[in-house]
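The structure under discussion appears below in the form of structure tokens.
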Amino acid sequence: MVPDIVARTYLMEQTMVAHRNLRIAVIGAGASGILAVIKLRAAGIDDVTVFEKASELGGTWRDNRSPGLTCDVPSHLYRYSFEPNPDWTHVCSPGPEILAYLKSVAAKHDVERSIRYGNEVTRAEFIKGRWHVDTVQGSQGVFDVVLTAVGVLHHPVYPDIAGLDTFEGASFHTSRWDHSVALEGKRVGIIGTGSTATQIVGGIIDDVAKLILFQRTAQWIMPVPNPAYSDEQKAAFREDAGLIEAEYARLAVEFNSKFAAAVVGANPAHYEVMSQLCQDNLRDSVADPELRAKLTPNYKVGCKRLIMSDQFYSAIQRPHAELVTDGIARIEATGIRTVDGRLHELDVLVFATGFDTHRFVRPMNVIGRDGRRLDDAWAHANEGYLGITIPGFPNWFMLGGPNSPIGNFSWLMTSENQLNYAMKLIDYVRSGNVTEIAPKPSAVRAFNDAVKAKMPDTIWATGCNSWYIDKNGNVASWPWTYEKFQDDMREPIIDDFEIA
Ligand code: NAP
């Protein structure tokens, strides 16, 4: 190891001069993977290979195509900073529009020439300063740097319910929506009441003969209208990029300084506003006291991912909709039997049961320095440093690793900040004088201790079950504000890294 002070001085002198042509492997061709290719190439790194398990790019927006799917982050924040889009149709745009945006940006920057589709990475091992990468198609050779861009919402969870395979109608997970199944005139059951399920309820209620929503836990619903941008507004955005930036700035205040700050305890006044809005929404929108009681959560607003919808309550009160809160006893050939003995007959069954958000790159077998397996390193907790690096896994950078802001900020803005930070570390490797860079265990400990100490201030830690919390009770998100995130991403603290 190079002593810190020497390393720092030396690195500073070297960063402006690129001596090595790096080979970089990017894992995943979703929003973050597309971003990585564009920014790495712009920095003059052209030897970039993206390994993508599917046959199409787009990540979560490729996989999730359920009816009604709409991003709950405003579109002018949910974009790459270098590709503002004047043509977003709504403040929060539908899923297909976001996929189209990602595809158009990728096409404009010729990203696909770097992608190897049908290449799920199965193994990566760090040997003598380089990563040896295998995919389902065999060895892919050796890389200086690996950047993971695998997203968070990509391992669907199916419910552990008896008789799951006995249902004779059509059934599928929301992220594997079977568009060959017509819903018109059908009796459709949905298990789950997260963001996905509630959007589907609004998305299909007009088509189906009967909709039954099986709710295990009630959700708070924030009544957020989703206005369309008028043709005049879009034309103005096209003519004057300054107007897009003004819209961005307006939405950033609403989203980052109000909502995102409120959920981490940094804007209590706005938290009260949000909380009151949700309570008023329930009281004012649901007339029947029995239904209202069923829809009333027993935890604080925002503890689970807050649902933004101005459609759900009206949809669930339609005469052909039913909210079932009795537990599910089993799934049978013709429907779902609840614990009260009632059989709810169904033609189609939708599992809106979410994702395993704590697997990150796994089941990939990642082996770092000295043969250390990531599975072992993360056996008790997924611990990294600032969501990007892992001790003992040099030159391995994650976009969206543990304790990244998964529930509070725009994913695209998060990725861009993290990539800028990672590229500063990659620059050291590129200088030719550094072959390995990984965070010091002491820095990682300090970061994770700080996360743990701050987490009780957040709304996620106030006593509910959610996909933010792992099996050991650790909350997996970023417990600080967006402003702190930006500050932390601005420049790596090089003393926090081991350099060889
Ligand atoms: P989710 O929030 O994890 O919700 C899963 C639902 O399934 C919960 O209601 C859960 O109940 C229920 N469930 C799980 N297993 C069950 C079982 N065995 N029996 C009965 N119910 C069961 O998943 P999601 O709705 O797919 O949303 C995940 C995240 O994706 C969102 O929070 C959001 O970040 C993102 N998303 C965003 C958008 C958007 O931008 N608008 C749209 C869709 C998704 P419990 O609550 O009791 O566990």
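Counting starts at 1 for both ligands and their atoms, in listed order. Along the sequence shown, residues are numbered consecutively beginning with 1.
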Parallel, tilted or perpendicular for Tyr101 and Trp88, by the 30°/60° rule?
-> tilted
Could you walk me through whether Glu232 and Lys234 pass the salt bridge (Lys or Arg N to Asp or Glu O under 4.0 Å) check?
-> CA-CA 5 Å; Glu232 291 73 26; Lys234 287 184 270 182; over 6 Å; no
Test Trp460 against every option in Trp467, Tyr468, Tyr299 by the ring pair (Phe, Tyr, Trp, His ring centres under 6.0 Å) rule and name the one that passes.
-> Tyr468
SG-SG distance between Cys303 and Cys464 under 2.5 Å?
-> yes
Could you pull out every protein residue that has a heavy atom closer than 4.0 Å to ligand 1, ordered by chain and then number?
-> Leu69, Thr70, Cys71, Asp72, Leu153, Pro159, Ile191, Gly192, Thr193, Gly194, Ser195, Thr196, Gln199, Arg216, Thr217, Lys304, Arg305, Ala352, Thr353, Gly354, Phe355, Trp467
So OG of Ser66 and CD1 of Ile200: to nearest 0.5 Å the spacing works out to 4.0 Å
Would you name the heavy atoms of Arg176 and Phe172 that are closest together and state the gap between them?
-> O-CB, 3.7 Å
